[in-house]
Protein chains: 2
Amino acid sequence: MFSQACKYAIRAVLYLAVHASEGKKAGVKEVSAALDVPKYFLAKILQQLSRNHLISSTKGPSGGFYLSEQNREATLKEVVECIDGPDVFNSCILGLPVCSSENPCPLHVQAFAYREGLHYQLKHQAIGDLAKRIEREEQKI
Amino acid sequence: MFSQACKYAIRAVLYLAVHASEGKKAGVKEVSAALDVPKYFLAKILQQLSRNHLISSTKGPSGGFYLSEQNREATLKEVVECIDGPDVFNSCILGLPVCSSENPCPLHVQAFAYREGLHYQLKHQAIGDLAKRIEREEQKI
DNA sequence: TTAATAAAAGATTTTTTTGTCTTTTATTTT
DNA sequence: AAAATAAAAGACAAAAAAATCTTTTATTAA
Ligand code: FES
Ligand code: FES
């Protein structure tokens, strides 16, 4: 479903949402250590998210990555599409050129349900809200 | 979700289920042309399925691939696991070392539900039955 | 205002996946 | 028995994804 880079991106964004803020930024080193993810690879991913304004960053001492209030209103769908491209949620699970209910592949009904369930959550839940839920329910990142 | 090889495998097996039989075998050339899939790559995939007794084959003139009656009783789950390995249906969508409802990641609930829907179909529907449904409902492969 | 810090950017390397080509082996038809 | 056919096997090449390293730029704290 998601590329390795995209999995790292989602986890990193959620980590930032929970553990960082404008006043308490987190560096690549901290995030990569906390999530047990390759440091330099993660750096690239965070850069890409930053360029696309899905996370915020500042250079220099006491600099690092964090989520602005605006960033917290975005959704993971945007994060996913920033890394894996725009077709993640509408491509056929068997790789047919188009996915549609009019011309369904044999797995379409189930695959579509799965994909849409996930899509719906990622699309409608703000990252900030997700973070609160993670803290409340003590979910793993 | 599925590797390219696995997508090709599923489609090829379904093609054989619909268009081939012990009396009317299909060669790599036919299948790759019908599904618009790289020939030599598909050959490797069919070999692997054949070695694992998920499809049948014979060499020589009028040889080719087909599904025996026994093959038709198998499921696509077995095909998928033959190509992509045994963890496809129980690994965390975010790549955490284990996926469980006790230690869920933030996407677990949706991801699990979605995955299980698909898993259930692939696990409980015999390839032979799927083929009949494909013919009946004129689904695309 | 200098030194230290940390992200940004760029260039490379490694690994995995995908795809191709050639040779061998089994089978069948002539 | 010989020729033709088609899968099996093995070796290889190309492309994509993942991971690493180095240099540059911006910022801040001393
Ligand atoms: S057509 Fe294949 S998943 Fe929709
Ligand atoms: S724990 Fe992540 S999908 Fe189950």
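Residue numbers start from 1 in every chain, and the chains themselves are labelled A, B, ... in the order their sequence lines are given, proteins ahead of strands.
Within the 4.0 Å cut-off from OP1 or OP2 of C:dA6, not a single side-chain nitrogen or oxygen of A:Ser57 is found. Look at B:Arg51 and you won't find any side-chain N or O under 4.0 angstrom from OP1 or OP2 of D:dA7. Regarding contacts with the backbone of D:dA18, every side-chain N or O of A:Tyr8 stays at 4.0 angstrom or more from both OP1 and OP2. Within the structure, every side-chain polar atom (N or O) of A:Ser50 is placed at least 4.0 Å from both OP1 and OP2 of C:dA7. Using a 4.0 Å cut-off, some side-chain N or O of A:Ser62 falls inside it from OP1 or OP2 of D:dA29.
Ring orientation note: the planes of A:Phe2 and A:Phe89 are nearly perpendicular, at an angle over 60° on the 30°/60° scale. A parallel orientation is assigned to the rings of B:His108 and B:Phe112, their planes being inclined by less than 30° (bins at 30° and 60°).
No side-chain heavy atom of A:Cys105 sits less than 4.5 Å from a side-chain heavy atom of B:Lys140.
At the heavy-atom level, B:Gln4 lies under 4.0 Å from the strands shown only through sugar-phosphate atoms.
For A:Asn103 and A:Ser100, the side-chain atoms include no donor-acceptor pair closer than 3.5 Å. Judged purely by distance below 3.5 Å, without hydrogens or angles, the side chains of B:Tyr120 and A:Gln110 never pair a donor atom with an acceptor atom.
In this structure, A:Thr58 and A:Ala5 both approach DNA chain D, and ranking their closest nucleotides by distance from the 5' end singles out A:Ala5.
The distance between atom NZ of B:Lys39 and atom P of C:dT22, rounded to the nearest whole Å, is 12 Å. B:Gln48 places its CD atom 15 Å from the C1' atom of C:dG19, with the value rounded to the nearest Å. Computed from coordinates, the A:Tyr40 OH to C:dG10 P distance equals 18 Å when rounded to whole Å. Distance A:Leu35 CG to D:dA19 P: 14 Å, rounded to the nearest Å. What separates CD1 of B:Ile55 from P of D:dA8 is a distance of 7 Å, to the nearest Å. Residue B:Gln47 contributes atom CD, which lies 14 Å from atom P of C:dT25 at whole-angstrom precision. Here the P atom of nucleotide C:dT16 and the CD1 atom of B:Ile83 are 18 Å apart, to the nearest Å. For B:Lys25 and D:dA8, the NZ to P distance is 12 Å, given to the nearest whole Å.
Of all nucleotides listed (C:dA26, D:dT27, C:dA9), C:dA26 comes nearest to the side chain of B:Lys59. Comparing D:dT28, C:dT18, D:dA7 by their nearest atom to the side chain of A:Pro61 picks out D:dT28.
Residue side chain A:Lys44 reaches the base of C:dA9 through a donor-acceptor N/O pair under 3.5 Å, judged by distance alone.
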